[in-house]
**Student:** 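The structure under discussion is supplied below as structure tokens; questions concerning it will follow.
Every value quoted in this text rests on a predicted model; they were computed, and no experiment measured them. By convention here, the first residue in the shown sequence is residue 1.
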Amino acid sequence: MGENNQVNRKFNWQNGEKRYNSFNQHLRQKFGEKVIRVSLDGGFTCPNRDGLVGRGGCIYCSARGSGDFAGAKEKTIPEQFQQIKENIIKKWPKAKYLAYFQAYTNTYGPVEKLRELYEEALQQEGVVGLALSTRPDCLPEEVLDYLAELNERTYLWVELGLQSVHNNTLKWMNRGHTFEEFLVGLKKLRERNIRVCAHLIYGFPEESREDMLYTAKTVSKLDIQGVKLHLLHILKNTALGKMYLDKPFPLLSQEEYVALIVDTLELLPPEMVIHRLTGDAPRKDLIAPMWSSKKWETLNAIVQELEKRNTWQGIYWSK
């Protein structure tokens, strides 16, 4: 009973809060108001595409480097920001913004270029911080030094792609790095006290339900401050899309995915920030699973499953 009361104070769902530590709630607590991510394209590429690490990229990755909802890369950062802000302001006229460099690998370039782009984004009206999506093998010392500087003067998240802790899965998806290399990148960032959000994907045909939950258990014990949970999408014009059309393989149903996400939330520490519970893809590019295009239906199903179980984030977590 005491534990239940304690969690009720942290996740006050009786007053409209989530049963998990959502990114939206975290930002409201931090800044006292609505903060919205503005997805930007800094014109980067990826070492897993240009030959430094590999060619072709991760087999699931879209032509825009998973930045399909980011601004147009041919526009400047201020132009991208203003264009996206115009749509946001209609619904949230008083919101603040997090400049989110999402497409491709956003620490892969000369530190001078990174400084120019990041500083430009921070100068936009209403921007209170940065989120940078990158790879654990793209963190050279000069970039880490600059990130540490940024972390001292603004609100910063570095998002590291992991997807799975199983090296055989990482090899299958042509990820271009191992779990051990992820741990090295994580250590470098945490030595500088930089917040880290890990990306995980559920639904790889190489993995069982137990494999996916093992990834969740492993991540729950790492020095990670946030997590993004994604469903494996099959997209047109990707290596995975060609593979699937040639020889279809089983994909997670909505019910299976919802159950996995709730199982995962139960395992993660209550203070870990949940940046995302599912991803979405441009409908025109989506091959399967088609149910994933109904994002709000999936999110609502997760909330309902939490309520049905009368459970919450961290209920089964232990140090």
Side-chain angles (χ1 to χ4, degrees), residues 1-30 37 131 157 159-166 169 182 186 195-204 207-233 251-280 289 291-292 294-319:
M1 182 65 71
E3 181 185 5
N4 195 5
N5 289 337
Q6 181 180 358
V7 177
N8 270 305
R9 287 197 296 273
K10 184 169 183 62
F11 301 116
N12 194 9
W13 53 79
Q14 291 89 343
N15 291 330
E17 293 183 7
K18 306 290 188 185
R19 288 174 178 253
Y20 58 92
N21 191 15
S22 75
F23 194 42
N24 180 53
Q25 287 177 182
H26 165 78
L27 290 172
R28 281 190 178 277
Q29 290 168 1
K30 174 75 176 174
R37 279 176 290 212
W157 280 93
E159 299 185 4
L160 287 186
L162 172 57
Q163 322 315 350
S164 172
V165 301
H166 303 285
T169 304
F182 171 87
L186 172 63
R195 298 177 192 86
V196 175
C197 173
H199 288 214
L200 305 179
I201 295 178
Y202 285 166
F204 291 114
E207 293 193 351
S208 65
R209 178 180 177 278
E210 290 70 27
D211 290 332
M212 292 178 242
L213 291 179
Y214 181 81
T215 287
K217 291 174 185 175
T218 303
V219 166
S220 76
K221 300 181 187 306
L222 298 178
D223 186 14
I224 289 173
Q225 291 63 56
V227 67
K228 272 190 175 180
L229 300 167
H230 297 260
L231 169 73
L232 181 67
H233 294 116
L251 298 171
L252 291 174
S253 68
Q254 186 182 58
E255 293 75 16
E256 288 171 326
Y257 183 75
V258 167
L260 271 167
I261 293 301
V262 174
D263 291 342
T264 296
L265 290 174
E266 291 176 335
L267 294 169
L268 297 179
E271 68 273 12
M272 187 176 283
V273 182
I274 310 301
H275 288 234
R276 182 173 290 167
L277 289 176
T278 187
D280 49 359
W291 63 261
S292 67
K294 300 175 181 178
K295 182 177 179 180
W296 282 104
E297 183 179 295
T298 304
L299 292 173
N300 289 335
I302 292 168
V303 170
Q304 290 166 10
E305 181 65 16
L306 285 163
E307 292 172 352
K308 179 182 174 182
R309 296 189 196 180
N310 190 27
T311 193
W312 50 81
Q313 181 182 339
I315 187 174
Y316 298 131
W317 177 78
S318 60
K319 290 186 179 180

**Student:** Where do Phe204 and Asp211 land on the side chain to side chain contact (heavy atoms under 4.5 Å, CB included) test, with the steps shown first?
**Tutor:** CA-CA 10 Å; Phe204 291 114; Asp211 290 332; over 6 Å; no
**Student:** Could you measure the distance from the NZ atom of Lys18 to the CG atom of Leu299? Nearest 0.5 Å is fine.
**Tutor:** 7.5 Å
**Student:** Just jot down the side chain to side chain donor-acceptor pair (under 3.5 Å) partners of Arg209, sequence neighbours excluded, or say none.
**Tutor:** Asp263
**Student:** Tell me, please, which residues at least two apart from Asp223 pass salt bridge (charged side-chain N to carboxylate O under 4.0 Å, His left out).
**Tutor:** Arg190
**Student:** Only counting residues at least two apart or in another chain, list the ones meeting side chain to side chain donor-acceptor pair (under 3.5 Å) with His26.
**Tutor:** Tyr155
**Student:** Could you check whether atom NZ of Lys295 has more than 12 heavy atoms from other residues, nucleotides or ligands sitting under 6.0 Å from it?
**Tutor:** yes
**Student:** Could you list the residues that satisfy salt bridge (charged side-chain N to carboxylate O under 4.0 Å, His left out) with Glu207, not counting sequence neighbours?
**Tutor:** none
**Student:** Give, for atom CD of Glu266 and atom CD1 of Ile261, the distance between the pair rounded to the nearest 0.5 Å.
**Tutor:** 12.0 Å
**Student:** Can the ring centroids of His166 and Tyr214 be said to lie less than 6.0 angstrom from one another?
**Tutor:** yes
**Student:** With sequence neighbours left out, write down each residue that passes side chain to side chain contact (heavy atoms under 4.5 Å, CB included) with Val258, or none if nothing qualifies.
**Tutor:** Gln254, Thr298, Ala301, Ile302, Glu305
**Student:** Looking at Gly226, is its backbone amide N or carbonyl O close enough to the side chain of Glu159 to form a donor-acceptor pair, meaning the two atoms are under 3.5 Å apart?
**Tutor:** no
**Student:** Any sub-3.5 Å donor-acceptor pair from Asn21's side-chain atoms to Glu271's backbone N or O?
**Tutor:** yes
**Student:** Roughly how far, to the nearest 0.5 Å, is CD of Glu255 from CG of Leu260?
**Tutor:** 12.0 Å
**Student:** Can any side-chain N or O of Trp317 pair as donor or acceptor with the backbone N or O of Ser220 at less than 3.5 Å?
**Tutor:** yes
**Student:** Measure up the Phe23 and His275 rings against each other and bin them: parallel (under 30°), tilted (30 to 60°), perpendicular (over 60°).
**Tutor:** parallel
**Student:** Would the distance check show the side chain of Glu297 and the main-chain N or O of Lys294 forming a donor-acceptor pair, the cut-off being under 3.5 Å?
**Tutor:** no
**Student:** Kindly give the heavy-atom pair with the smallest separation between Leu231 and Pro289, and that separation in Å.
**Tutor:** CD2-CG, 3.7 Å
**Student:** Taking atom types as modelled and ignoring hydrogens, do the side chains of Ser292 and Tyr257 form a donor-acceptor contact shorter than 3.5 angstrom?
**Tutor:** no
**Student:** Excluding sequence neighbours, so at least two apart, what forms side chain to side chain contact (heavy atoms under 4.5 Å, CB included) with Glu307?
**Tutor:** Arg19, Val303
